[in-house]
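Taking it in order: structure first as structure tokens, then the write-up.
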Protein chains: 4
Amino acid sequence: MSPRVGVADERRAQIMQAALACFTRKGYNNTTMDDIAAESGLSKGTLYWYFKSKDDLFAAAITSSVADWGAKAIATLEQYPTAPGKLRVLARRMMDLCKELEGFFGLFLEFWASSPRREEAGKLWVDLLVQYKDIVVEIIEEGIRNGEFKPTDAEQLVWAIMAAYDGLAAYVMFMPNLNLEQVSQVFIETLLHGLATNGSEQ
Amino acid sequence: MSPRVGVADERRAQIMQAALACFTRKGYNNTTMDDIAAESGLSKGTLYWYFKSKDDLFAAAITSSVADWGAKAIATLEQYPTAPGKLRVLARRMMDLCKELEGFFGLFLEFWASSPRREEAGKLWVDLLVQYKDIVVEIIEEGIRNGEFKPTDAEQLVWAIMAAYDGLAAYVMFMPNLNLEQVSQVFIETLLHGLATNGSEQ
Amino acid sequence: MSPRVGVADERRAQIMQAALACFTRKGYNNTTMDDIAAESGLSKGTLYWYFKSKDDLFAAAITSSVADWGAKAIATLEQYPTAPGKLRVLARRMMDLCKELEGFFGLFLEFWASSPRREEAGKLWVDLLVQYKDIVVEIIEEGIRNGEFKPTDAEQLVWAIMAAYDGLAAYVMFMPNLNLEQVSQVFIETLLHGLATNGSEQ
Amino acid sequence: MSPRVGVADERRAQIMQAALACFTRKGYNNTTMDDIAAESGLSKGTLYWYFKSKDDLFAAAITSSVADWGAKAIATLEQYPTAPGKLRVLARRMMDLCKELEGFFGLFLEFWASSPRREEAGKLWVDLLVQYKDIVVEIIEEGIRNGEFKPTDAEQLVWAIMAAYDGLAAYVMFMPNLNLEQVSQVFIETLLHGLATNGSEQ
DNA sequence: TATGAATGAGGTTTCATTCAT
DNA sequence: TATGAATGAAACCTCATTCAT
């Protein structure tokens, strides 16, 4: 009776995927709804059947994509017992993210800057950032409680760490030669060393 | 003939300043040439007399503005003898920059993402970044040579540090509550601690 | 087979009613087939099963509605013996119509003006107008034959009278304060006085 | 120095004229900005240089056109001494208007009905109507004061008269055979007779 | 019969750029 | 030099209509 159950979800996914491909390839402003229609193999009208506007489609696409990744990252962390171990893994995952999501940070910034209603547009990103920040803060504070790390204002530090990775994700867009793995490793090891309680090396 | 030169430069400066004001206020895409004409008190035609295109005007405006700052930063550093001291000062200057230049990183990213010829547009930023990177790398390597810092791949680390500050500059645009000073301080102290040779604290 | 007929007619009526509600509320162009689907509680596809096009649905809806009223009006007239009496009643009925049908004249005019095939669209209205005109002409000519009215070119006069009521129906749409009852009464009494044979007042 | 003084006004007039031609030919909704651009020999962009929107252009065009006529009509009236004489002239002028302005009433109704902001759109017409109404009311009340007409609620009567002419102007659009002159004459004479004080014929 | 997803032509508007003066 | 009128390509979005179930 309903062989078409989920057609709507499928279509939405199909459209968001096409949109993401176009957006990352050409940027938000340079991507036209026609581009997305062509990429998805659907008509422009259909795009508007599933999404209210270009803005709406963008937000949906970027959110779902980032959310997917977030879930995976958290799951992975569970298995690592020590705080430094967790941070190292997280760092590696973030590098992957930079490649997988290819410049989402820049993409979002473009969207945000171009949006006449920046306030609103910004919330989208703030929500995601805060969510991840909290996860990392918890790891560090746990490390502090365990005596692995020395007392530190974790919240502030995490903002800087996240900003570093977002910034690198952006850098790599126009500096493809940047060796993200090395950068990330040197960075995270320096930080871990800086966080370490004296005499303890992990 | 030569007195005219002054007029032309003045006009260019006048236009770039107006452009910068508009761009930072409304973003690259949302700023129209009409906006800039109105802000500068000149006519649209005049804008095109001094600048080839909107792209061109943007590049000129952002470059001159950032270059100004670069010179100042370097001059300041001279006076501080130790590497950690220099880094601390630099960090403080970078925070100021975030406020002064109000989200130039985001602005540039938007411009880059929106530009059909990204390659070209990216060069603008890469040049600036490399320039600053070299300065900071030199400081750190000096510290290593002095025995203040332990051996580290300075180049890689500096990319991460710069990315962090650029990222924070972007974050603060849509999270005005972010306390940049604290973030910067915790961040830089952790890094300095991580760089420090054992037993030595600065 | 025959029991189905009832269902079909019911559906048609249901749709026309919903259509009329939307059209009078928002005008012809501003009413979408989606609006009508929502108002009728049916799907858009169903609308097209019963009506060939938006044009078609409009014509059907407006015609059936006006036709209903026409029948009633004629029936009422029978009971009044004198020509002036009939005209007075007709005037009162026309005022009611203005309210009941809320600006059908304007609605039709919009439809007609928007229709790429005006010729065709116009016929719809001409047919209705001629039909009513003939009724009123007959009343006046009867009055003339009876000696109640002085000889007059009834046909021409009736066009003006009908135009007046249609025009008022339109006026009242954007001048809701217009007191239709008073306007109608002063108008009709002046006309009746103008038509009256000397010495006779009704 | 300014051979181009008045270029703006000239262009505006040129555009409004072209717009009016298109609007009366094809209706408001069926006229595209491309049509007007083609008709005026200008580019679409230029249309928007002089007028904020299609609505705006429509309002400007219709207002200026009707206003032109109004001035002429009033001037003509001065020369006729008696109230009936004035009304007869006015009637004749109104007939001319119907032809000259070819269905402005219908055009406006379409515009009004199609406008999402009807309130606002309606004001345009109300203002014009009230203006003319006052002129005619004044004529009739003068006639009453002179003893030419019997006491009557002039205001109400005039609304009906104006509605009749507007309605006729609309009728004639889809009934080109309607003999406006005769209709108008029979109508106005009947009204004048109805208004006349007993024993006086004009 | 009935649904609602899918279509795509076409509309209004914006805006970077040019050019006559 | 400077102006501002003029251009026109292109973008987003709507909506009457169709069609596979």
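A, B, ... follow the sequence lines: proteins, then strands. Residue 1 opens every chain.
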Is there a donor and acceptor pair closer than 3.5 Å between the side chain of D/Lys44 and the base of E/dT13?
-> yes
Residues of residues 46-58 of chain A with a heavy atom under 4.0 Å from any atom of DNA chain E, listed by number, are A/Thr46, A/Trp49, A/Tyr50
Using atom CE of A/Met33 as one end and atom C1' of E/dA9 as the other, report the distance to the nearest whole Å.
-> 16 Å
Taking atom types as modelled, find out whether C/Ser114 and C/Asn29 have a side-chain donor-acceptor pair closer than 3.5 angstrom.
-> yes
Rounded distance in Å - CG (C/Asn30) to C1' (E/dG11) | 14 Å
C1' gap between F/dT21 and E/dT1, integer Å | 12 Å
Starting at atom CZ of C/Arg12, determine the distance to atom C1' of E/dA2, rounded to an integer number of angstrom.
-> 17 Å
Euclidean distance, atom CD1 of residue C/Ile36 to atom P of F/dT17 [Å, nearest integer] = 11 Å
Please lay out, stage by stage, how A/Trp112 and A/Leu124 fare under the test side chain to side chain contact (heavy atoms under 4.5 Å, CB included).
-> CA-CA 9 Å; A/Trp112 172 80; A/Leu124 176 64; over 6 Å; no
Judged by nearest nucleotide, the residue sitting upstream toward the 5' end of DNA chain E, A/Gly45 or D/Thr31, is A/Gly45
Closest to the 5' end of DNA chain F, once C/Asn29 and B/Arg11 are matched to their nearest nucleotides, is B/Arg11
Identified pairing partner of E/dT21, criterion: Watson-Crick or G-U wobble below 3.5 Å = F/dA2
Without swapping roles, check the side chain of C/Thr24 against the backbone of C/Ala21 for a donor-acceptor pair under 3.5 Å.
-> yes
Please tell me which of D/Leu42 and B/Gly41 maps to the more 5' nucleotide of DNA chain F, matching each residue to the nucleotide holding its nearest heavy atom.
-> B/Gly41
Does the side chain of A/Arg117 reach to within under 4.5 Å of the side chain of A/Asp55, using non-hydrogen atoms?
-> yes
Rounded interatomic separation in angstrom, taking CG from A/Asp35 and P from F/dA11 = 8 Å
Partner of F/dA10 under the Watson-Crick or G-U wobble criteria, both distances under 3.5 Å, comes out as E/dT13
Could you tell me whether the side chain of A/Arg11 and the main chain of A/Tyr50 form a donor-acceptor pair under 3.5 Å?
-> no
Assess A/Lys54 against A/Tyr28: is NZ or CZ under 6.0 Å from the centre of the six-membered ring, and within 45 degrees of the ring's axis?
-> yes
Taking B/Thr46 for the side chain and B/Leu42 for the main chain, is one N or O donor matched with an acceptor at less than 3.5 Å?
-> no
